[in-house]
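The next block holds one structure in the form of structure tokens; read it before the comments.
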Amino acid sequence: MNWILIAQVVYVIVLIFVCFRIIFDTDNATKTITYILLVILLPLVGMMLYFSFGVNYRKRKLYDKKLISNGQLQENLETELIKYSEEILKEGDAAVKSNKKLVHLVLNENLSPLTNSNDVQLLINGENKFPEVFKAIEGAKHHIHIEYYIFNDDKIGNQLVDLLIKKAEEGIKVRFIYDDFGSRSIREKCIPKLKEAGVQASPFYEIKFYALASRINYRNHRKIIVVDGTTSFVGGINVSDNYINTENKKLFWRDTHLKIQGPATWYLQFLFLCDWNFCANDAIKIDDNLFPKEEKFICNQDKTVQITASGPDSDTPTILFALFQAIGLAKKEILITTPYFIPNDSILDALIIAVKSGISVKILVPGKSDSKLANLASNSYYASLLKAGIEIYKYQKGFVHAKTVVIDNQISIVGTANMDYRSFDLNFEVNAIVYDEEITLQLKKVFYQDLESADTMNYETWESRPKYLQFLEKVARLFSPLL
């Protein structure tokens, strides 16, 4: 009996310690209450869930991946990047100047420069993306950098593996970062094959014990390709046959990617090198081959682009801040496409304030999600948005996986970040912001074409659904910070 009493006392002490840590470590009140209830109501299991999913690694600076360690050099670089961006902002057109608050936010938070003289190509779905990717990689002269959340051992995955091997055998430097959770299918065959051919491949934060690994929670969700420091790709399309629509394919997959040729590639290169420095422990010497001077770029367009990124390695959730600012700058129209709509309170309020201010707000989501729990949680948000006047459409042609935002006819945001807690706070993400009327009108046209394959949601019909289903959705919403 004494041992039972001692165990109980020890458990209570540990429970109190964990509750104190949750309060101290978690800035969001909703998440704090969720985790405290979790550890109290689910003995031991709740604590395991908290330490696996709830620890604030941004606050604890677990991921420290600075590419530049020299303080004076960092300070000089910051001064130059700010000066460079201000000059472009001063010379920019209406799409740039009217959104200077967003430019300054991203510059201050990410030190990501505003760049012009970029060629930008909108790539719709995998069947349009991968030919461009293969063409760019085939033409590589110095290096190829690839970073993906999902890289599958399937037809398109092996075609890309074979091409990377070919380029490595030609003497091209190939570096490959893969998320150890999302790309687990390539560990046994593809990775050894790549390494044997001379490709440097490294998992991002290797997972060794799935059951308790908090590393599963902090995923590298980025999709980045950089070729010779001049051409880059970023967006929502992973390396998988799922993203390529063929005649015999059962599920149509809608997604969006960008091909960028120009100085915007610099920051995508910087992100890759930071991630490489962290996961491969390989300090790469920075030179003009990695960051070519502007005269090396051959561009026919003059698109203004800025890259924003965030994750457990950033001081703030910059992508969340950038989206919030972009919504706040809208004057006429906001068009959002996202596969997972589980917003935090700030984004939710910003959208409602926008529509109440006379701005048209339209949101496109999947008719059926690939995650039942995420789908339930998403459903719990729709009633309040519909009641406020926001238009919500459910895509029926297949699964919409694109992550895009269109603001008026001026801003296009295309990237890897979903409109959910995970992308805002837990994952390593990257978005491209294009300040350009032509590209924005192209993306806007695609959005309205997608609406032709979507059903419009109605507030009265939505609210008349069975009460038990609404209850389940609200329960799922309680777990929004974990999804």
Side-chain angles (χ1 to χ4, degrees), residues 1-65 149 179-182 184 203-221 278-279 310-317 320 340 342-346 371-378 380 418 420-429 471-483:
M1 291 296 294
N2 290 337
W3 284 110
I4 295 175
L5 180 61
I6 292 172
Q8 290 175 335
V9 171
V10 170
Y11 176 76
V12 170
I13 293 172
V14 172
L15 180 62
I16 292 171
F17 168 78
V18 173
C19 288
F20 270 112
R21 171 160 177 167
I22 292 170
I23 293 170
F24 180 78
D25 206 42
T26 311
D27 295 328
N28 183 281
T30 303
K31 291 175 70 174
T32 301
I33 293 170
T34 300
Y35 286 124
I36 288 177
L37 288 174
L38 199 64
V39 299
I40 292 174
L41 298 177
L42 297 177
L44 296 179
V45 175
M47 293 184 191
M48 292 169 62
L49 288 172
Y50 168 70
F51 283 105
S52 293
F53 296 98
V55 178
N56 189 338
Y57 286 109
R58 176 181 286 115
K59 188 172 181 178
R60 292 179 172 272
K61 288 290 183 182
L62 178 65
Y63 303 87
D64 188 6
K65 306 176 296 156
Y149 173 57
D179 185 83
D180 203 36
F181 178 79
R184 54 193 180 278
F204 189 90
Y205 209 15
E206 187 177 4
I207 301 168
K208 296 181 180 179
F209 185 37
Y210 276 86
L212 297 175
S214 63
R215 301 177 182 201
I216 295 177
N217 199 39
Y218 297 89
R219 303 169 192 166
N220 189 331
H221 199 240
F278 170 73
C279 68
S310 58
D313 59 334
S314 58
D315 292 326
T316 58
L320 167 62
Y340 311 106
I342 309 175
N344 63 8
D345 291 341
S346 61
S371 169
K372 291 183 179 179
L373 187 57
N375 193 50
L376 282 171
S378 295
S380 71
N418 300 308
D420 63 8
Y421 279 87
R422 174 164 293 282
S423 287
F424 294 154
D425 203 40
L426 300 175
N427 287 346
F428 294 84
E429 304 280 6
F471 175 76
L472 288 176
E473 291 167 357
K474 290 184 183 297
V475 171
R477 183 169 177 166
L478 295 174
F479 295 93
S480 293
L482 306 177
L483 299 179

**Message:** To the nearest 0.5 Å, what is the distance between OG on Ser314 and CG on Asp425?
**Reply:** 9.0 Å
**Message:** For a quick test of reading the model, state the closest non-hydrogen atom pair linking Ala476 to Leu376 and the distance between them.
**Reply:** CB-CB, 3.7 Å
**Request:** Please determine which of Ser346, Ser310, Pro343 meets the side-chain contact (heavy atoms from CB on, under 4.5 Å) test together with Leu320.
**Result:** Ser346
**Prompt:** So, Asn375 and Ser378: side-chain donor and acceptor under 3.5 Å apart, yes or no?
**Reply:** no
**Prompt:** Parallel under 30°, tilted from 30 to 60°, perpendicular over 60°: which one fits the rings of Phe204 and Phe278?
**Reply:** tilted
**Item:** Option passing side-chain contact (heavy atoms from CB on, under 4.5 Å) with Leu15 (candidates Val39, Leu44, Ile36, Val10)
**Value:** Val39
**Closest approach of Phe424 to Pro317 (non-hydrogen atoms, all atoms of both residues)** = O-CB, 3.3 Å
**Request:** Would you give the length of the straight line joining atom CG of Leu42 to atom CE of Met47, rounded to the nearest 0.5 angstrom?
**Result:** 11.0 Å
**Message:** Let me confirm one number: the CG-CG distance from Asp180 to Asn220, rounded to the nearest 0.5 Å.
**Reply:** 11.0 Å
**Minimal non-hydrogen separation, Asn418 against His221, with atom names** = ND2-CE1, 3.8 Å
**Message:** Do Arg184 and Phe181 form a cation-pi contact, if we require the NZ or CZ to be under 6.0 Å from the six-membered ring centre and within 45 degrees of the ring's axis?
**Reply:** yes
**Message:** Walk me through whether Arg21 and Tyr35 qualify under side chain to side chain contact (heavy atoms under 4.5 Å, CB included).
**Reply:** CA-CA 11 Å; Arg21 171 160 177 167; Tyr35 286 124; over 6 Å; no
**Message:** Do Tyr421 and Leu426 have side chains that approach each other closer than 4.5 Å (heavy atoms only, starting at C-beta)?
**Reply:** no
**Item:** Heavy-atom neighbours of Phe17 CZ exceed 12 at 6.0 Å
**Value:** no
**Asked** Roughly how far, to the nearest 0.5 Å, is the CG atom of Leu38 from the CD1 atom of Ile22?
**Response** 8.0 Å
**Complete:** Closest non-hydrogen atoms of Ile342 and Ala374, given as atom of the first, atom of the second and distance, are CD1-O, 4.0 Å
